[in-house]
Structure formats: structure tokens, C-alpha cells
**Q** 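Pasting a structure below so you can have a look.
Keep in mind that this is a model prediction, so the values were computed, not measured. No hydrogens, no waters, no symmetry mates; every other heavy atom, side chains included, goes into these values.
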Amino acid sequence: MDTNEQIVNRYTEKPIKTINGFLMLFLILLLLLGSIAAFIFGPLLLAETNLPAMAALIVAGVIVLIVDLVLMCGLKILNPNEALVFTLFGKYHGTLKQDGYFWVNPFCEGINPGAQPASMTTVNGNTSFSFGGSKKISLKTMTLNNEKQTVNDERGNPIIIGTIVIWRIVDTTKAVFNVQNYRTFLSTQCDSATRNISRMYPYDLLEDDSINEKTLRGSSQEIADMMKQDLQQRVAMAGLEILEVRITHLSYAPEIAAAMLQRQQAEAVVAARKKIVEGAVGMVEMALAQLNDDQIVNLDEERKAAMVSNLLVVLCGNKDAQPIVNSGSIY
């Protein structure tokens, strides 16, 4: 019995045998002209009494026409960064990656399980039709804009996260034969990788957390790189290469967003007040030291305490202080 690894690696990408498309087109046109000539000029050139020869000529023309139509089905046009995976009577036959005009076995069938279905789009009153079902596999760099999803971070807080994935196909046989639909497979694995990495880290730091701890908000690039590595391991069996993963949206879920906003605002207010107090204390120390060095006025401990109190009120207050002028003696 085959193991999972043997099943995944059963098909190895190989080039398909082709013939120059223009050469075959010339041959097909010659056969077409020959069949037409048999239909038109055959009865004229043969005597009326030679009916068996006339019938044989017409039958030959029909056969040549049928063969010509079959050969015409083998003509393929391939653009740059595109590929065609062919099967012959249910077995893998080869892959065509070289751009140009070619002829392949007309009994070969192209397979592309990730082909976009036909759709109709209306924008500003203009309707456009998209005819899906193309057998060509794009080897270009593509983008998967994964929908936003609600997950729980390390602390169990519900968060909303959205990601975008830059990817491409590097092994067409794995993409076609190992998974049912490589686009759907990639989207599902992207959801799984996002949930797996997001639940390993908190959304943001708390007061008792280490400053070097990674968070979803503060270490978004490192988290995205981890998502890329995890996703690459998941989709390797489908022949896909993950070039980049980016976090496009990150926020708390609506049910806790208001409470978390209040906490962030409180932390910002406390941090601002702490900075203001530190600056005010330094200014008061500088003022007392300068008054003492210059011997502008001699203040006892009680007057110094009153001066410090007044300066702190002025420097730390939310509003501008309203001074009261004492015109008498301070003693």
C-alpha cells in the first residue's frame, strides 16, 4: 500500500513532446484543401460509368477531412508564464511550459482544477462576462486577499485579523493531482495558519509583561514571517510557493473593543502624567538650586515647601494657573 509521501510524490513534472505549430498548421491546411478537391473535382475527372472509383474518392475525402479536424484539435497557443498539464486516457502525459505555438497529441486533455468559473459582473451599469474554465495554469505571482476572521489571542481575547498572501505555482503536477482545487486549498490553509499563529501571542503588552515579548500589534512583521513559514509547510504538497504574507487588518472584536480602548486611553493618560511630573520635579529642583546659588532670596524650609507646592500646581495643572498678587510683606 502506498504511503502518503509516495502518493504526494507519485507524479514528477516532465515536458511533453510537441511539434512546431506552424508546420502542423501548414500540413492541416494541405489536407483540408485535398479533401475539398476530392469532393469538387473527383466526380468531374472520373467517368460517369466508373462509380466505384468515384465513391472511393469521396470516402477518402471524408476520411481526410475527419483526420484533419482531429489534428486541428492538437494546436495549442501558450503565453509567457502559463502552463498546460495534459493527461492521455486518464494518465499523466506531460506538462507544456514553453510559450509559443505548438501541436500536441490531439487525444491529450488539459486539466486545471483551479480554473475560475464563468461569471457576470456589473459595474456602473456596464455588464462584463468572464468565461471561465480555461485549462491553462497561470505561473504568475498571484495574490490571495484572505477575508477577515475572528480568532482568540494568547490571553483568550477575541480579535479580528485579516491577511494577504503573495503566492505562485512552482510544480504544476502537484497543484493538479495532489489536491482537488489548489485555490480553495490555499485559502483554507491560510485560515488555519492564521489561527495557529495568532493564538500563540497576545494582541498587546500589559503592565506586567516583559518588554521583549512579541505581540501581534508590536511585532507584526515577525508574526507575518511565522505565518509564511507555517503556511509554506502546509501548501508544499500542492506545489505552491509562498512569497510573502502581510497582516492587512488587526483590531479587537467589537464586544471588547470599547473596554480595550478605555484601557489604552488610561495607560496613555498615566504615562503622560508621569512624564509631566518628572519634568516638573526637575524644574523645581533647578529653580531652588539657582535661587540658592545666586542668593537672590533666603527661604526657610516652610517657604521652600510652599514654593514647591505652588510650582507643582502650576506645572502639573490641566489649565493655566490664575496668579494672586500679594502686595504686602511675605512675612
Side-chain angles (χ1 to χ4, degrees), residues 8-29 68-121 123 128-146 163-190 228 231-232 234-246:
V8 169
N9 297 325
R10 176 182 297 174
Y11 301 103
T12 303
E13 190 176 81
K14 62 181 180 180
I16 191 173
K17 295 181 180 179
T18 61
I19 300 177
N20 187 283
F22 294 102
L23 178 62
M24 287 302 300
L25 179 61
F26 179 73
L27 178 60
I28 290 172
L29 292 177
D68 194 59
L69 294 176
V70 173
L71 293 177
M72 192 177 298
C73 296
L75 294 173
K76 305 294 180 183
I77 298 178
L78 203 61
N79 299 319
N81 282 328
E82 288 183 347
L84 278 170
V85 177
F86 292 100
T87 59
L88 182 61
F89 303 119
K91 293 186 178 181
Y92 174 59
H93 187 61
T95 301
L96 178 60
K97 283 188 173 182
Q98 186 179 359
D99 57 284
Y101 192 41
F102 303 94
W103 182 88
V104 298
N105 190 332
F107 295 100
C108 291
E109 180 184 5
I111 296 181
N112 182 12
Q116 298 289 351
S119 61
M120 181 179 66
T121 306
V123 179
S128 60
F129 295 91
S130 176
F131 299 96
S134 175
K135 301 302 182 181
K136 297 179 182 179
I137 298 176
S138 177
L139 303 180
K140 302 176 183 177
T141 301
M142 291 175 282
T143 302
L144 170 66
N145 190 4
N146 211 35
T163 56
I164 186 172
V165 180
I166 312 298
W167 63 283
R168 66 178 180 179
I169 298 176
V170 293
D171 193 318
T172 57
T173 56
K174 290 183 178 180
V176 170
F177 299 118
N178 288 350
V179 293
Q180 184 174 3
N181 187 315
Y182 55 85
R183 294 181 184 271
T184 304
F185 181 78
L186 174 62
S187 179
T188 303
Q189 294 301 328
C190 181
K228 174 187 174 182
L231 184 58
Q232 180 62 67
R234 295 170 181 267
V235 301
M237 62 175 297
L240 307 181
E241 180 185 6
I242 306 302
L243 301 178
E244 188 176 2
V245 175
R246 299 178 185 175

**Q** Please walk me through it: do Y182 and N112 pass side chain to side chain contact (heavy atoms under 4.5 Å, CB included)?
**A** CA-CA 9 Å; Y182 55 85; N112 182 12; 3.1 Å; yes
**Q** How long is the span from the CZ atom in F89 to the SG atom in C108, to the nearest 0.5 Å?
**A** 8.0 Å
**Q** Please determine whether side chain to side chain contact (heavy atoms under 4.5 Å, CB included) holds for the pair V85 and Y92, giving the CA-CA distance in whole Å, both sets of side-chain angles, and the decisive distance to 0.1 Å.
**A** CA-CA 8 Å; V85 177; Y92 174 59; 3.8 Å; yes
**Q** Hey, could you give me the CD1/CG distance between I137 and L84, rounded to the nearest 0.5 Å?
**A**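 Separation between the atoms: 7.5 Å.
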**Q** Give every residue pair that meets the salt bridge (charged side-chain N to carboxylate O under 4.0 Å, His left out) criterion with at least one member in residues 97-106, sequence neighbours excluded.
**A**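 Non-adjacent pairs meeting salt bridge (charged side-chain N to carboxylate O under 4.0 Å, His left out): E13-K97.
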**Q** Please round to the nearest 0.5 Å and tell me the distance separating atom CG of L96 and atom CZ of F102.
**A** 5.5 Å
**Q** Look only at the side chain of W103 and the backbone of L23, and say whether a donor-acceptor pair between them is shorter than 3.5 Å.
**A**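 Answer holds: no.
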**Q** Sequence neighbours excluded, which residues qualify as side chain to side chain donor-acceptor pair (under 3.5 Å) partners of E109?
**A**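 Side chain to side chain donor-acceptor pair (under 3.5 Å) list for E109, sorted by chain: empty.
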**Q** Residues two or more places apart in sequence or in another chain: which of them pass ring-ring contact (aromatic ring centres under 6.0 Å, His included) with Y101?
**A** F22
**Q** Once rounded to the nearest 0.5 Å, what's the spacing between atom OG1 of T95 and atom CD1 of I16?
**A**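 Nearest 0.5 Å value for the OG1-CD1 distance: 8.0 Å.
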**Q** Residues two or more places apart in sequence or in another chain: which of them pass salt bridge (charged side-chain N to carboxylate O under 4.0 Å, His left out) with K136?
**A**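 By the salt bridge (charged side-chain N to carboxylate O under 4.0 Å, His left out) rule, K136 matches E82.
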**Q** For the pair N181 (side chain) and P113 (backbone), establish whether a donor and an acceptor sit closer than 3.5 Å, ignoring hydrogens and angles.
**A**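 Yes; at least one donor-acceptor contact below 3.5 Å.
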**Q** Evaluate the side chain to side chain contact (heavy atoms under 4.5 Å, CB included) criterion for residues V235 and V179: first the C-alpha distance (whole Å), next the side-chain angles of each, then the deciding distance (0.1 Å), finally the verdict.
**A** CA-CA 10 Å; V235 301; V179 293; over 6 Å; no
**Q** Applying side chain to side chain donor-acceptor pair (under 3.5 Å), name anything that partners D171, two or more places apart in sequence or on another chain.
**A**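 Only T173 meet the side chain to side chain donor-acceptor pair (under 3.5 Å) criterion with D171.
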**Q** Apply side chain to side chain contact (heavy atoms under 4.5 Å, CB included) to the pair Q232 and E241, showing each step before the final yes or no.
**A** CA-CA 7 Å; Q232 180 62 67; E241 180 185 6; 4.1 Å; yes
**Q** Could you give the distance from CG (N146) to OG (S187), rounded to the nearest 0.5 Å?
**A**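 Going from CG on N146 over to OG on S187, the span is 5.0 Å.
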**Q** By side chain to side chain donor-acceptor pair (under 3.5 Å), which residues pair with Q98, not counting sequence neighbours?
**A** none
**Q** Looking at CD1 of I169 and NZ of K140, how far apart are the two atoms once the value is rounded to the nearest 0.5 Å?
**A** 12.5 Å
